[in-house]
Structure formats: structure tokens, C-alpha cells
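Only heavy atoms go into these numbers, but all of them, side chains included; no hydrogens, no water, no symmetry mates.
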Protein chains: 2
Amino acid sequence: MQSFTEENYLKIIYHLSETSNNVQTNAIAEQMQTKPASVTDMIKKLADKGFVDYIKYQGVTLTEKGKNAAIDIVRKHRLWEVFLVDKLNFKWDEVHDVAEELEHIKSVALIERLDEFLGFPKSDPHGDPIPDKNGRFAKTQFTKLIDLKIGDSGTITGVSQHSSAFLKHLEKLGLTLGKQIHINDVTDFDGSVEISVNGKQINISREVAKHILISNNGKN
Amino acid sequence: MQSFTEENYLKIIYHLSETSNNVQTNAIAEQMQTKPASVTDMIKKLADKGFVDYIKYQGVTLTEKGKNAAIDIVRKHRLWEVFLVDKLNFKWDEVHDVAEELEHIKSVALIERLDEFLGFPKSDPHGDPIPDKNGRFAKTQFTKLIDLKIGDSGTITGVSQHSSAFLKHLEKLGLTLGKQIHINDVTDFDGSVEISVNGKQINISREVAKHILISNNGKN
DNA sequence: AAAATTTTTTAGATTTACCTAAAAATAAAA
DNA sequence: TTTTATTTTTAGGTAAATCTAAAAAATTTT
């Protein structure tokens, strides 16, 4: 059984694995808000326990065991987020920190019953897929809004940033999950994007456009 | 803000305070499943932080601050128990350990919304009162079943033991909250008690009778 | 009231997850 | 291909919560 801290490391390594194959010490340190030296210590421990493969100076990759452990934590995190939003009326920008704590509660029965209570949801309030109890989930293929071309349209189905500030901003702009959008123009000067949503035209910054995920997008 | 461990100490000191005024080091050690030496260390820390009053060799008492902190944890524990039983269909003997973890989640909003979601329950699945958000709760006056006399009757409204083994045993005997009971006889030999419940006569050991709490009891 | 017992504390170590500072390895630039 | 910069690791140390063994205080027994 893993400690609270080990679980956080596994989860972060898992998320970093999604974009790069070998996860670097510095990247982990940044995410964990700790120092690289501390990361090296923990990596050795995780390697000893068989959660990661580790070659000095080469970064780490999760083993099958490590990946399963990480997916289990992600599952818990996302189920709790659904609980908070669906049952306790939290906003999507309020759930992250609390779920961050709840995800470490160790009880298989608890999570299975929670899953059932919530009606076996397939995605969390931010559009991220929820692994089932065997760790399986549909690999969703999103396009970042920033990568769409003028004339493209699609549906907002996810976000790649869970900070309260970002989500509140989206809310204010009316950019929530399920909304249909259309790309009208891209500004040369600052890369900001002119889009239609809710029958209105709005301008969003490049930074915002990078973190909005779109599906069902059709050319023109 | 207190650590996980500090919270557990406060909770245990609070519970021990209900029966004795000055809580002893050894008693805390036993409940915490640790050694007296460790307790002395922690007591000093809690005293420094103003949670307890402590005089060497004299045991501890909770300060107002300590008492409030403890009641807050008890509140969380009991609300989570209600959630587990009412919403997730846990049995009353399955909730203790999970609630023991959930009680440490730090979010005022979470607990207030959970309380509301559950309909502001006044007692938990074991009959213990749930403090409101200001820490207030009705001081219930129970009589232990063992203290009733032959001919007395009353209603089961609580238990003073939360172990799964004990609760499962009660369940099997049909001795659940709200049940009406009548004392028929007390065995001289072993102090076991002959009672009527559900229209049947059963015999319960002294040990069991000690941990069943009765209210509305009328003489004869 | 002295002796024996129990309770509590102190002293000194251990483990976990951190840290800083400095050394070593790797990658990038000149 | 050196030099420079970046990344990572090692070495040695800290704080929290625990431990064992032994000393000190309080309580109980005789």
C-alpha cells in the first residue's frame, strides 16, 4: 500500500507520461512543488517498490503496476468530482482541491458504491474520462481549440487546465462543456481567436484557446 | 491548522474526557495504539499550540480551542457515516473505518453542503448526536441496558461500541436502533440479561448489555 | 511511612519526506 | 570539440511522529 505522498507522485508521473515518454526529474519537481533532489529520493523508493522503471539521469516510466495504481487514483479523483458537482452543487471550478484530498481515501467498497450511486458516469465535470473499476476508459480524441482553422466548428468537450481562475473565466465567457462553437477569425497580432458561441461573437486569448478541447469538429 | 495525527489525538482526548476529567497518558496511548512516550511528546506539542492544558504527571484537559477542534472532527465523522449508510447503502458495522479517514478532509464548504445534502441529520447510524456547524448538539441522556432493572422497558437509541464484530452481533440478534425492549430477568450466575425484543425472548451477555444505550425507559 | 507498583517522562534512535549546497552527468552552444 | 549551461544526483541535515530503555514522579500496598 502506498503513502499519500507516493500516490501523488504516481499520479503526477502518470499525467506527465501522457505528453512525454520518459518523465524528467525537474518536471516532477515542478508539479509536486518540491525540489529535484527530493524527487530523486522518491523515485528511488518508487523504483524499489516496483512502481517505476528508473535509469539514472534518464528519467522514469511507470511499470504496469505503477500505471494501474495511478489510474486508480485518477478514477477516484474524477468520481469524487462528479459527486461534488452533481450531488453537492459545487461549481466545476471549486472541486479540484477537495477531490485532491478525497482521492486518497482507501476503500474499494467506497469507490464502487460511489460509482454506482453516481450512475457510473463516463466523464468528470471537466470532460475527462473516468476509468472503470478495471482501469479501462475510452481514449478520447480531442482537438485543442487553438489548432482549429478559420471556418471550423465543434463542441467543447473538455479542458486541459483545472485551475479555478481559468474555469471561472470560461464560465464568465459562457464557454462550458457541450457548447457549440465556430471559429470566425484568428488575429495575426496576438494569436487571439474570434469565435461564435451562444449566438454571440467573442474574442479569446491564445492562452485560453490552448486549453479548450473540442470534439465533433467539422471542417467549414 | 492541525495535522492528521494531531486531529486523531484531539478526537481521542475528547472522547476520553466524556468519562474522566483529567485524561491520562496511558489511556491516550491505548486508544491511539501507540506508546506512552509518544503520547507525552504529542501532548507537549498540543499544549504549545493551545489545544490542551497540561501539567506534568497530571494528564490533560482540552482547552476551549481544543474542544472546538475535536467537536468539528466528530461532526465530520458522523456526517460521513450518515452519508455512507443513507446514500451508499453501507451497513452500520461497515462505516467506522472509512469515516475515520473521511473525517480528516479539510473543507468547510464540503461539510456544510454534505450536511445539507443529508437533510441536516441529528444523529448518526449508531445513535450518536451530530454537532451542528457551531458545534452545538443535544446532550442525549441514555441509560445503559445493563443498568435497567427487571420489568423496565425502553427503546434502543444508541451503542457505545462501534466495532464491526459487536454491531454485526447486535444485527443478528435483531437489536437495532429504534427497537423496543423489555427486561425480563437478570441471571445471577453470569450477569447476562433476558430481554424481549421483536416479540421474542433472548439472552444477551453482560458485555453486550453494557454497550446498548436505552432511552424512553419507563419503570415497570 | 517505607516498599512495591504503576504511571509518566526523559534521553537517544529511527523513518519519511523534505531541504541546501556541491558534485557529476548530460545536453546545448560557440 | 571544447566550453557553457542545464539537469540530475549525492552528501549531509532537518522536522514530525514514532520507538526502546531507563529514570523520575505518583500511587498503592503492606
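Summarising the geometry of A:A99 relative to A:L84, their closest heavy-atom pair is N-CD1, 4.3 Å, with the distance given to 0.1 Å. The two residues A:S205 and A:S192 come nearest to each other via the heavy atoms CA-CB, 4.1 Å.
Residue A:P36 is the one, among A:P36 and A:Q58, whose nearest nucleotide of DNA chain C lies closer to the 5' end (criterion: closest heavy atom). Heavy-atom distances to DNA chain C give each of A:K56 and A:S38 a nearest nucleotide, and the one nearer the 5′ end belongs to A:S38.
As rounded to whole Å, 15 Å separates atom P of C:dT6 from atom CD of B:E30. For A:D48 and C:dT16, the CG to C1' distance is 14 Å, given to the nearest whole Å. Summarising the geometry, the separation between NZ on A:K44 and C1' on C:dT16 is reported as 15 Å, rounded to the nearest angstrom. Atom CD1 in B:I43 sits roughly 15 Å away from atom P in C:dT7 (whole-Å rounding). Per the geometry, CD belonging to A:Q33 stands 11 Å off P belonging to C:dC19, to the nearest Å. One interatomic measurement links the two molecules: CG of A:D41 to C1' of D:dG12, which rounds to 12 Å at whole-angstrom precision. Note: CD (A:E6) to P (C:dC18) measures 10 Å, nearest angstrom. Between the CZ atom of B:F4 and the P atom of D:dT18 there is a distance of 11 Å, rounded to whole Å.
Contact between the side-chain N/O atoms of A:T34 and the OP1/OP2 oxygens of C:dC19 is found at a separation under 4.0 Å. A close approach under 4.0 Å does not occur between any side-chain nitrogen or oxygen of B:T5 and OP1 or OP2 of D:dA16. Taking 4.0 angstrom as the limit, B:K35 places a side-chain polar atom (N or O) nearer than this to OP1 or OP2 of D:dT20. The phosphate of D:dA16 has neither OP1 nor OP2 within less than 4.0 Å of any side-chain N or O from B:Y9.
Relative to the side chain of A:M32, the nucleotides D:dT10, C:dC18, C:dT10 differ in distance, and C:dC18 lies closest. Among C:dT8, D:dC19, C:dC18, the nucleotide with an atom closest to any side-chain atom of B:T40 is C:dT8.
Counting non-hydrogen atoms of other residues, nucleotides and ligands closer than 6.0 Å to CG of B:D188 gives a total of 12 or fewer.
Inspection of the B:S163 and B:Q161 side chains reveals an N or O donor paired with an N or O acceptor under 3.5 Å.
Both tests pass for A:K87 against the ring of A:F117: distance under 6.0 Å to the centre and angle within 45° of the axis.
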Reading nucleotides 1-7 of chain D from 5' to 3' and marking B where a protein heavy atom lies under 4.0 Å of the base, S where only the sugar-phosphate is that close, and - otherwise, the string is ------S

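Among pairs with a residue in residues 11-28 of chain B, those fulfilling side chain to side chain donor-acceptor pair (under 3.5 Å) read B:K11-B:E100, B:K11-B:E103, at least two apart in sequence or across chains.
Just one of A:I150, A:I183, A:D185 meets the side-chain contact (heavy atoms from CB on, under 4.5 Å) condition when paired with A:E194; it is A:D185.
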